[in-house]
Engineer: 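Questions regarding the structure given below will be posed in turn.
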Amino acid sequence: MNRTVLRLDRALLALAGLVLVVVGVAALLWTTGTLAEILDGVPDAIDTTATQDAVAQPWWPAATGAVAVLLAVVSLWWMLAHLPARSVPEQDLPGSTRTMRLRISRDAVANATARAAQQIPAVHRANASLHDEGPELVLSLVVTVDPATDLPALAARLDRLLADAATVLPDDRLRSRTTLRIRSSRRRDRTARVA
């Protein structure tokens, strides 16, 4: 899902909310008779003869079918636009132009970050991935450490490592997420998340 879809969602949601509030308030004022006191010419009952005449016309089924097909197409586009974006294998770098594009492999950045994390003595295993999450580009790092690991010192080293990754991949959208898994004697690791 890209930024344009998010903006469209917010605009449509705000518009739908505004319409519902206005219609709800108008209906409440109409049923209590307050609307007739405020505005002149407000009817006591709604006349539906025009709607009944339209439904009886021979073109009504075709028009209804066309609107239904249009709504189905728009709904399908809307659902597809909300699917998670596939991982883009390469990222544009600053300095790219139309004639010359500078690109870096996202997998290479993630793999280099994981390898650098594995060089830290307290880390037994490390995995990293770089993917889009809405409007943000997230570098997700998962490291497995011993229970006796000095966590503040490890956090400082991981911060420096992630800062290096941000230098290699300069993007204002870049965020990082680090998950620490504490190695135990049991098969399952206990997990702690550090932002």
Side-chain angles (χ1 to χ4, degrees), residues 1-18 20 75-195:
M1 184 165 52
N2 59 32
R3 292 181 183 184
T4 304
V5 174
L6 286 172
R7 288 188 189 118
L8 181 62
D9 279 354
R10 289 179 184 146
L12 290 176
L13 185 61
L15 180 63
L18 182 63
L20 287 174
S75 300
L76 184 62
W77 170 83
W78 185 79
M79 287 188 294
L80 291 175
H82 285 77
L83 287 175
R86 288 186 178 181
S87 178
V88 179
E90 293 183 336
Q91 178 78 20
D92 287 333
L93 292 173
S96 295
T97 63
R98 289 185 181 190
T99 57
M100 182 183 68
R101 297 184 81 173
L102 302 172
R103 302 188 72 124
I104 188 167
S105 167
R106 287 185 175 188
D107 287 340
V109 174
N111 292 338
T113 303
R115 280 195 302 273
Q118 285 179 332
Q119 300 303 315
I120 300 172
V123 175
H124 287 279
R125 185 174 45 225
N127 294 315
S129 63
L130 190 61
H131 55 276
D132 290 303
E133 284 187 9
E136 295 182 343
L137 179 63
V138 178
L139 176 59
S140 180
L141 178 64
V142 179
V143 293
T144 303
V145 297
D146 282 327
T149 301
D150 181 5
L151 293 181
L154 177 64
R157 298 225 17 210
L158 291 175
D159 282 344
R160 287 194 298 273
L161 186 136
L162 293 169
D164 290 343
T167 303
V168 171
L169 188 64
D171 191 322
D172 293 338
R173 303 177 305 126
L174 184 63
R175 303 290 180 264
S176 62
R177 178 185 305 125
T178 302
T179 303
L180 293 180
R181 292 192 175 167
I182 308 300
R183 192 176 185 196
S184 64
S185 57
R186 299 176 187 166
R187 286 181 178 254
R188 285 189 287 182
D189 290 336
R190 290 175 291 162
T191 303
R193 181 166 285 183
V194 176

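This chain uses plain numbering: 1 for the first residue, then up along the sequence.
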Engineer: Which value, rounded to the nearest 0.5 Å, describes the distance between L154 atom CG and L158 atom CG?
Structural biologist: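 L154 CG to L158 CG: 4.5 Å, rounded to 0.5 Å.
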Engineer: For the side chain to side chain contact (heavy atoms under 4.5 Å, CB included) test, which of D107, T113, L174, V138 pairs with L130?
Structural biologist: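 That would be L174.
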Engineer: Return the set of residues passing ring-ring contact (aromatic ring centres under 6.0 Å, His included) with W77 (not counting sequence neighbours), or none when no residue passes.
Structural biologist: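 By the ring-ring contact (aromatic ring centres under 6.0 Å, His included) rule, W77 matches no residue at all.
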Engineer: Would you name the heavy atoms of A110 and A128 that are closest together and state the gap between them?
Structural biologist: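 In terms of heavy atoms, the two residues are closest at O-CB, 3.2 Å.
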Engineer: Just verifying a value: how many Å separate I182 CD1 and T144 OG1, rounded to the nearest 0.5 Å?
Structural biologist: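 Separation between the atoms: 9.0 Å.
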Engineer: Supply the atom-to-atom distance N127 CG to Q118 CD, rounded to the nearest 0.5 angstrom.
Structural biologist: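 Rounded to the nearest 0.5 Å, the CG-CD separation comes to 7.5 Å.
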Engineer: Please report the interatomic distance CG(L20) to CG(L18), rounded to the nearest 0.5 Å.
Structural biologist: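 L20 CG to L18 CG: 9.0 Å, rounded to 0.5 Å.
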Engineer: Could you give me the CA-CA distance, side-chain angles and deciding distance for R106 and L137, then say whether side-chain contact (heavy atoms from CB on, under 4.5 Å) is met?
Structural biologist: CA-CA 10 Å; R106 287 185 175 188; L137 179 63; 3.4 Å; yes
Engineer: To the nearest 0.5 Å, what is the distance between CG on L162 and OG on S176?
Structural biologist: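 One gets 4.5 Å once the value is rounded to the nearest 0.5 Å.
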Engineer: Would you list the atom pairs, donor with acceptor, under 3.5 Å between side chains in residues 145-153 and any protein atom, with sequence neighbours excluded?
Structural biologist:
from	atom 1	to	atom 2	distance (Å)
D146	OD1	H124	NE2	2.8
D146	OD2	H124	NE2	2.9
T149	OG1	D146	N	3.3
T149	OG1	D146	O	2.8

Engineer: Do L141 and V143 touch side chain to side chain, with heavy atoms closer than 4.5 Å?
Structural biologist: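 Yes, their side chains come closer than 4.5 Å.
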Engineer: Run the salt bridge (Lys or Arg N to Asp or Glu O under 4.0 Å) test against R115 and tell me which residues pass, sequence neighbours left out.
Structural biologist: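 Scan of R115 (salt bridge (Lys or Arg N to Asp or Glu O under 4.0 Å), adjacent residues dropped) gives none.
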Engineer: So which heavy atom on L161 is nearest to which on A117, and how close?
Structural biologist: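 Distance-wise, the nearest heavy atoms are CD1-N, 3.4 Å.
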Engineer: Are side-chain heavy atoms of S140 and R175 found at a separation under 4.5 Å?
Structural biologist: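 No - every pair of side-chain heavy atoms lies 4.5 Å or more apart.
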Engineer: Quick check: closest heavy atoms across H131 and R177, and the distance to 0.1 Å?
Structural biologist: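 Between these two residues, the closest heavy atoms are NE2-NH1, 4.5 Å.
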Engineer: Roughly how far, to the nearest 0.5 Å, is the CH2 atom of W78 from the CG atom of L8?
Structural biologist: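 Answer for the CG-CH2 pair, L8 versus W78, is 10.0 Å.
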